[in-house]
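Some notes on the structure that comes next.
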Number of protein chains: 2
Amino acid sequence: MQSLIEIQQQLLPDLLVVMRKRYLILRQVMLSDMIGRRTLAASLDMTERVLRAETDFLKAQELLHIDAAGMRITEAGKRLMEKMEPFYKTMFGLSELEERIRKHFGLKQVVIVTGDADESPHTKRELGRAGCAVLSKAMQKDDVIAVTGGSTLAQVANQLTSHTPLKGNWFVPARGGLGESLDYQANTIVSTMAKRTGAQYRMLHVPDHLGEEAYTSLMQEPNVREIVEVIRKARIVIHGIGDAMVMARRRRVDAAVVDALKAEGALAESFGYYFDQGGAVVHKMLTVGLRIEDIMETEVVIAIAGGRSKGEAIAAVMRFGHDDVLVTDEAAALEIAAIIDKEEQTA
Amino acid sequence: MQSLIEIQQQLLPDLLVVMRKRYLILRQVMLSDMIGRRTLAASLDMTERVLRAETDFLKAQELLHIDAAGMRITEAGKRLMEKMEPFYKTMFGLSELEERIRKHFGLKQVVIVTGDADESPHTKRELGRAGCAVLSKAMQKDDVIAVTGGSTLAQVANQLTSHTPLKGNWFVPARGGLGESLDYQANTIVSTMAKRTGAQYRMLHVPDHLGEEAYTSLMQEPNVREIVEVIRKARIVIHGIGDAMVMARRRRVDAAVVDALKAEGALAESFGYYFDQGGAVVHKMLTVGLRIEDIMETEVVIAIAGGRSKGEAIAAVMRFGHDDVLVTDEAAALEIAAIIDKEEQTA
DNA sequence: GCAATGCTGGACTCAAAATGTCCCACATGC
DNA sequence: GCATGTGGGACATTTTGAGTCCAGCATTGC
């Protein structure tokens, strides 16, 4: 059964979307006994016209009965609902999760792939693939796309393709270099992405973490300045999310700062900033790269991260509230949902 | 699994059509090893442009590899085909049958509903439903629709509906009265159909079978003449199909004629004519109703009949070659397919 | 019995997607 | 090197989809 769904997903990706839509309409009608089009549209968050097209269809299938008094479900419709019950969760569980998380954080879109990126490399690859799809859709002509480092972003870079090379697009690193391995450096990822899509790119050959003095002098450099200006006006940002402590270690932040982070409850790290549980920035660093105020003005901010262990960190960054799209995996999504649950209970 | 497919067939028949289309493209590409767009379009009976839209999609899904030399299926595509194999028949078996029969008899459309009308009243009802759908789609403004008698047509009549009453349409009986029960009389059916759709109707109060003398004198009658003229210019004809001997008995044809029919190999009866295995008319009767030459000029001829026992008769009438649409059931369709098989083997 | 409300379905407009048609540059095999 | 067949770009046109209103009708509450 699962296998049939997988096949169908490949052959017509929006099958489940349509199916879910029709199912929800039918269910809502069933629960409402008798209901009008406008009321139904409102309760399902659809425009009247779209709903109408669907109800016309369901009527033609004789799953719905429509007359001047309103709509009600037919016997055949009820039977269909019953038969569908056992499939619902496997089929739409993820869509349900996506919608839940999307609404809770006020995002534009949430994409969840099956599995746990912590455990399976396959899931990590799928995560990358999903990220590519989202990014490709967001890209337009002559865009500047700022990219962070990390293994997940590297995964995205390795799978990015473009049918038609758009020379007008620029990939730039969001921040300077970290102490990470070369493969996961923002610079490396940026160059891979550009090469794979036939786009242009610029690198930022500067350490990410700087003292005030170094910062001022670097920003005097014309060629640094120039690229930084490009970075700060990026229309799209795509970034990973990490655990605060893990990242601090990887960045070789000194012990005093680590203690400070701990004290302030830093949970997550993303594009160089540290966030606490409530999504507040607990640690700011002077950077030549993308600053928090740039992010706030970026048109499309895409977060991509997966794995059960990252759930908490992802929730923290989402709460920060300036992301538009979240790409994650099932394990992380379930963690996030649990956090939402807990919060809603105490509230 | 079976059940999931049934659900989908109800909830998204439109998407399954798309799915089949994509499957067939992929299969054809696989079988052809490497093939070009135009060649492929020709072998699949599609226009180049729609095929292109589909191949672009399949390429994006990485199921198809396209380069300057042509297209070939990818590894992922092959795997998909394999995984799909076991589902294909349950999902598209009927579509396949439809297409096969359609092509063989050169019809415009074939519709097959599941089941056997001989055995299950439910299938008979479904047959009627499908007939309604076809008829509704064919009807235009100010059409004249000629209708024959029979239980299947009665079933159609009882389920016909119209969203908007079109006063301009006329339903007329194709032929005069038979010795059948009132419910199955063409006149009765015509009146039901007209009432249910808000259309007009005329009846033909004349016995179907006439001697030459009676014919001539009846045709002198102005009011008979008038309605006969309307009948003969019908744009749509919808008719049932019966077994020749059963119909002859029901019509109380005299023994001599029955023997003649037998001798000539009459197999099927439809709109008052008897057909042999090859679709040739073996018995002509003088009629005030629709004549064979009128049928030949009718724009839309719809045949509707089901049940395993009718398979042979349906095939015979189809071979006659002036039908455009056939609505039948699975059992009859399988019979028809078997007949086609046999014939193709001897050929 | 009547007014008010809520319902569907038709109509219209506008935008977007699908489709039919050509043509060009290019690979490939003869 | 030529003929054939390939994908892909371009563009006009048709079809479809969607937003918005409103008329006509049934039901309900008074």
Side-chain angles (χ1 to χ4, degrees), chain A residues 12-14 17-18 21-22 25-26 28-30 32-74 77 137 140-141 161-168 197-198, chain B residues 12-15 17-19 21-22 25-26 28-29 32-74 77 136-137 140-141 161-168 197-198:
Chain A
L12 25 122
D14 51 1
V17 176
V18 178
K21 181 165 65 176
R22 290 181 183 166
I25 293 173
L26 220 45
Q28 191 65 29
V29 172
M30 183 166 64
S32 314
D33 216 57
M34 163 120 359
I35 190 172
R37 198 204 304 146
R38 273 173 276 267
T39 324
L40 186 57
S43 79
L44 286 167
D45 252 329
M46 306 174 94
T47 67
E48 199 187 319
R49 196 61 182 72
V50 177
L51 175 68
R52 188 170 163 184
E54 294 301 335
T55 53
D56 283 352
F57 167 85
L58 291 171
K59 180 187 175 190
Q61 293 294 111
E62 299 198 35
L63 298 170
L64 219 55
H65 175 80
I66 306 185
D67 64 17
M71 321 184 240
R72 57 168 68 246
I73 195 165
T74 63
K137 211 174 120 199
Q140 294 173 2
K141 222 180 153 77
T161 48
S162 174
H163 33 295
T164 161
L166 262 189
K167 289 229 154 201
T197 56
Chain B
L12 18 108
D14 45 349
L15 293 196
V17 172
V18 177
M19 189 160 167
K21 181 165 64 178
R22 292 182 179 162
I25 293 172
L26 218 45
Q28 191 65 30
V29 173
S32 312
D33 217 57
M34 163 126 345
I35 192 172
R37 198 207 302 148
R38 277 172 271 267
T39 323
L40 186 57
S43 80
L44 286 168
D45 253 329
M46 306 174 97
T47 67
E48 197 188 320
R49 197 61 182 75
V50 301
L51 174 68
R52 187 170 164 188
E54 295 302 335
T55 53
D56 282 353
F57 167 84
L58 291 170
K59 181 187 173 189
Q61 293 293 106
E62 300 195 40
L63 298 170
L64 218 54
H65 175 78
I66 304 185
D67 65 19
M71 326 186 235
R72 57 167 72 243
I73 194 166
T74 63
S136 301
K137 211 174 120 197
Q140 294 172 2
K141 222 178 152 79
T161 47
S162 173
H163 33 296
T164 160
L166 262 188
K167 289 228 154 202
T197 56

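Lettering of chains follows the sequences in order, A, B, ..., and the numbering in each one begins at 1.
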Answer yes or no: does a side-chain N or O of [X] lie under 4.0 Å from OP1 or OP2 of [N]?
{"X": "B/T47", "N": "C/dG20", "value": "yes"}
{"X": "B/T39", "N": "D/dG5", "value": "no"}
{"X": "A/K59", "N": "C/dT8", "value": "no"}

Quiz item: Which atom names give the shortest non-hydrogen contact between A/M34 and A/A69, and what distance separates them?
Solution: SD-O, 3.6 Å
Self-check item: Residue whose closest nucleotide on DNA chain D lies nearer the 5' end, B/L40 versus A/V50
Solution: B/L40
Quiz item: DNA chain D: A/A53 or A/A69, which has the more 5' nearest nucleotide?
Solution: A/A53
Quiz item: Which distance, rounded to the nearest 0.5 Å, do you find between the NZ of A/K21 and the CG of A/L51?
Solution: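 Answer rounded to 0.5 Å: 9.5 Å.
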Quiz item: Distance from B/Q61 atom CD to A/L12 atom CG, nearest 0.5 Å?
Solution: 9.5 Å
Self-check item: Stepwise side-chain contact (heavy atoms from CB on, under 4.5 Å) test for B/H65 and B/M71
Solution: CA-CA 6 Å; B/H65 175 78; B/M71 326 186 235; over 6 Å; no
Can you tell me how far [atom2] of [N] sits from [atom1] of [X], to the nearest Å?
{"X": "A/F57", "N": "D/dG17", "atom1": "CZ", "atom2": "P", "answer": "12 Å"}
{"X": "A/I35", "N": "D/dT27", "atom1": "CD1", "atom2": "P", "answer": "18 Å"}
{"X": "B/L51", "N": "D/dG8", "atom1": "CG", "atom2": "P", "answer": "12 Å"}
{"X": "A/R52", "N": "C/dC12", "atom1": "CZ", "atom2": "P", "answer": "13 Å"}
{"X": "B/D45", "N": "C/dG20", "atom1": "CG", "atom2": "P", "answer": "13 Å"}
{"X": "B/D56", "N": "C/dA17", "atom1": "CG", "atom2": "P", "answer": "15 Å"}
{"X": "A/R72", "N": "C/dC7", "atom1": "CZ", "atom2": "P", "answer": "14 Å"}
{"X": "B/D67", "N": "D/dT6", "atom1": "CG", "atom2": "C1'", "answer": "9 Å"}

Quiz prompt | Beyond-backbone contact of A/L40 with A/S43, side-chain heavy atoms, under 4.5 angstrom | solution =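 Sidechains of A/S43 and A/L40: in contact.
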Of the listed nucleotides [options], the one nearest the side chain of [X]:
{"X": "A/A68", "options": "D/dA26, C/dG20, D/dG7", "value": "D/dA26"}
{"X": "A/R38", "options": "C/dT8, D/dG7, D/dG9", "value": "C/dT8"}
{"X": "A/I66", "options": "D/dA26, C/dG9, C/dG20", "value": "C/dG9"}
{"X": "B/R49", "options": "C/dG9, D/dT27, C/dG20", "value": "C/dG20"}
{"X": "B/E48", "options": "C/dC22, C/dT28, D/dT27", "value": "C/dC22"}

